[in-house]
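Hydrogens, waters and symmetry mates are skipped; everything else that's a heavy atom, side chains included, is used.
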2 protein chains.
Amino acid sequence: MTRAKQKTLLEACRQQGLRITGPRRVILEVLSAAEDHPDVEELHRRVAAIEPGVNIATVYRTMTKLTEQGLIERHVFEDGRLRFERAPEVHHDHFIDVETGKVVEFRSEEIERLQEEIAEKYGYEIVSHRLELYVRPRSGS
Amino acid sequence: MTRAKQKTLLEACRQQGLRITGPRRVILEVLSAAEDHPDVEELHRRVAAIEPGVNIATVYRTMTKLTEQGLIERHVFEDGRLRFERAPEVHHDHFIDVETGKVVEFRSEEIERLQEEIAEKYGYEIVSHRLELYVRPRSGS
DNA sequence: CGCCCAGTTGCAAACGGATCGCAATTAGAG
DNA sequence: CTCTAATTGCGATCCGTTTGCAACTGGGCG
Ligand SMILES: [Mn+2]
Ligand SMILES: [Mn+2]
Ligand SMILES: [Zn+2]
Ligand SMILES: [Zn+2]
């Protein structure tokens, strides 16, 4: 959903004053190429395919740092593992296929608006939210 | 949200053929009395206040069983711990106060309907969903 | 260009919530 | 009351994530 700042990740890191090390460069490359919502193990696997020897703890630490900088977004779906994607320029929510685990993105202006509306009715201000629709292909099985 | 089958939990267990043991009786009592969304540690604490000696593994196992029977609902909010509430007769979603952790329930027919609508548009059938609004009291802070 | 140090890394240990194996106990059907 | 399958307590174990620490290095500065 909304790819655009493809090359920006590495540059953004430089701007934020993060050191561009070997491991980090590869992790950024993997993240930039990712079209899905990989967990840490999967990221580590992809990194290892490019350059073996990068420790998984480094992947964890890098993801923490990137999240703090707001460069990536962290999710926890039903399996409980941390998953990541590049911070989208415009917010979206997710379908998750209960059989395959495949994640599909969507955005509903109406739902977003209704959330604000109901929060206001309760006297709240929304800080963040999470909407996940666990689905299966219609009619088949 | 929608209390009603207050006494039913224990009876429901009997119907499902679950043995009513000492520990289980206390756990059911705690669950029936709960107005919130306690995690396992909190449940165990409340159980211990009534009858010490019940192991936390027993709480875990009982919650698993009750969930399988559909008598309670299991949630995982942002802190990652398992939380429970009696299965509501009508579905609802949650506000979570980001400062206090307090959980408030709400239901929006419109949002529920829009979820179905957008799922259909994508060719999906919704199996379950999760909507959590992380909030703070409006204008204060 | 080379120095130097704060930031980063690899590795192993620790963490914490949840689960499991096992032997002892017990609910409750007959 | 008997008998068995379900349940329990306890400790060990799992597994994803975090952390302490010593070694390493990117990149600003001289
Ligand atoms: Mn996404
Ligand atoms: Mn609830
Ligand atoms: Zn949304
Ligand atoms: Zn809902």
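- Looking at the side chain of R24(A), the nearest of the listed nucleotides dT19(D), dT8(D), dT8(C) is dT8(C).
- For R61(B), counting side-chain heavy atoms from C-beta on, the closest listed nucleotide (dT17(D), dG21(C), dT7(D)) is dG21(C).
- Between D39(B) atom CG and dG17(C) atom C1' there is a gap of 10 Å when expressed in whole angstrom units.
- In this structure, CG of L28(A) is placed 12 Å from P of dT8(C), rounded to the nearest angstrom.
- When rounded to the nearest whole Å, the span between CZ of R45(B) and P of dG17(C) equals 11 Å.
- As judged by a 4.0 angstrom heavy-atom cut-off over every strand, R81(B) is placed among residues touching the sugar-phosphate backbone only.
- Minimum atom distance to the side chain of L18(B) is reached by dT7(D), of the listed dT7(D), dT9(C), dG16(D).
- R14(B) has its CZ atom 10 Å from the P atom of dA29(C), to the nearest Å.
- Under 4.0 angstrom from either OP1 or OP2 of dT7(D) there lies at least one side-chain N or O belonging to K65(B).
- The side chain of R19(A) approaches dG26(D) more closely than any other nucleotide in the set dT8(D), dA27(C), dG26(D).
- The aromatic rings of H37(B) and F77(B) lie tilted to each other, with the angle between the two planes from 30° to 60°.
- Applying the 4.0 Å criterion to OP1 and OP2 of dG9(D), one finds that T58(B) has a side-chain N or O inside that range.
- If you check dA18(C), dT8(D), dG10(C) against the side chain of V54(A), the one that comes closest is dG10(C).
- Classification of the F106(A)-F95(A) ring pair by plane angle, with boundaries at 30° and 60°, yields tilted.
- Sequence order on DNA chain C of the closest nucleotides to R25(B) and E41(B) puts E41(B) first from the 5' end.
- Under a 4.0 Å N-O distance rule, the pair E85(B)/R83(B) does not qualify as a salt bridge.
- Donor-acceptor pairing under 3.5 Å is lacking for the side chains of R138(B) and Y122(A).
- For the pair Y60(A) and dT17(D), the criterion of a side-chain N or O lying under 4.0 Å from OP1 or OP2 is met.
- The separation between H44(A) atom NE2 and dT9(C) atom C1' is 12 Å, rounded to whole Å.
- For N55(B) and dC10(D), the shortest distance from a side-chain N or O to OP1 or OP2 is below 4.0 Å.
- Atom CD in E68(A) sits about 14 Å away from atom C1' in dG7(C), given to the nearest Å.
- Within the nucleic acid shown, I20(B) comes within 4.0 Å of sugar-phosphate atoms alone, with no base atom in reach, counting heavy atoms only.
- With rounding to whole Å, I56(B) atom CD1 is found 14 Å from dT8(D) atom P.
- For T21(A) and dT25(D), the shortest distance from a side-chain N or O to OP1 or OP2 is not below 4.0 Å.
- Among the protein residues, G22(A) comes within range of no part of the nucleic acid, since none of its heavy atoms lies under 4.0 Å from any strand.
- Comparing atom distances between the L82(B) side chain and each of dG10(C), dA18(C), dG21(C) picks out dA18(C) as nearest.
- To the nearest angstrom, P of dA18(C) lies 9 Å from CZ of R74(B).
- Listed candidates were dA12(C), dG9(D), dG20(D). Nearest to the side chain of A57(A) is dA12(C).
- For the pair V98(A)/V135(A), no side-chain contact is recorded, criterion being any heavy-atom separation below 4.5 Å from C-beta on.
- Using a 3.5 Å distance cut-off with no hydrogens or angles, the side chains of E105(B) and H92(B) do pair a donor with an acceptor.
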